[in-house]
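Here the structure comes first, spelled out in structure tokens, and everything after it is commentary.
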Amino acid sequence: MDILAFLRERAGAFRCPMCRRSLADCKLRQLDHEGQKYTVEVTCRNCELAFLVALELASSDDTESSEDEEEVALVGRAEADSDPISNDELLELHRTLSEHSGPLTALLTERAND
Ligand SMILES: [Zn+2]
């Protein structure tokens, strides 16, 4: 699975926690990949805020090729690697992602409809 393409498709549902611009055109860089775990650096093109997103893919038994059915669990949390951020929206994003246990696609659909 191309994790960067996966994130790219869905990044538009999120806003930068710093400048609140859509992350649709953010920079994505895969930092690490171990088994089903991926660490991706996301950088806002507007304010250059960079944070890390850790993803763990849960492999489905028999729906390998069905992208919409992919179960994706976020096992880490986004961490700004510049100045500490005390932004309610970022905290909310952390909380949402760390507590979410269903398909990531469902989460993103919910947020896009806010
Ligand atoms: Zn930004």
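As the structure lists them, so they are numbered: ligands from 1, and atoms in each ligand from 1.
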Ala24 backbone acceptor or donor facing Arg8 side chain under 3.5 Å:
yes
Do Leu49 and Pro17 touch side chain to side chain, with heavy atoms closer than 4.5 Å?
yes
Do Phe14 and Cys26 make a side-chain contact, defined as non-hydrogen atoms from C-beta onward lying under 4.5 Å apart?
no
So CG of Leu31 and OH of Tyr38: to nearest 0.5 Å the spacing works out to 14.0 Å
Output for pair (His33 NE2, Thr39 OG1), nearest 0.5 Å, gives 10.0 Å
If only protein N, O or S atoms under 2.8 Å count, total around the Zn ion (ligand 1):
4
Checking Ile3 against Leu28 for the side chain to side chain contact (heavy atoms under 4.5 Å, CB included) test, could you report, in this order, the C-alpha distance in whole Å, the side-chain angles of both residues, the deciding distance, and whether it holds?
CA-CA 10 Å; Ile3 196 69; Leu28 295 171; over 6 Å; no
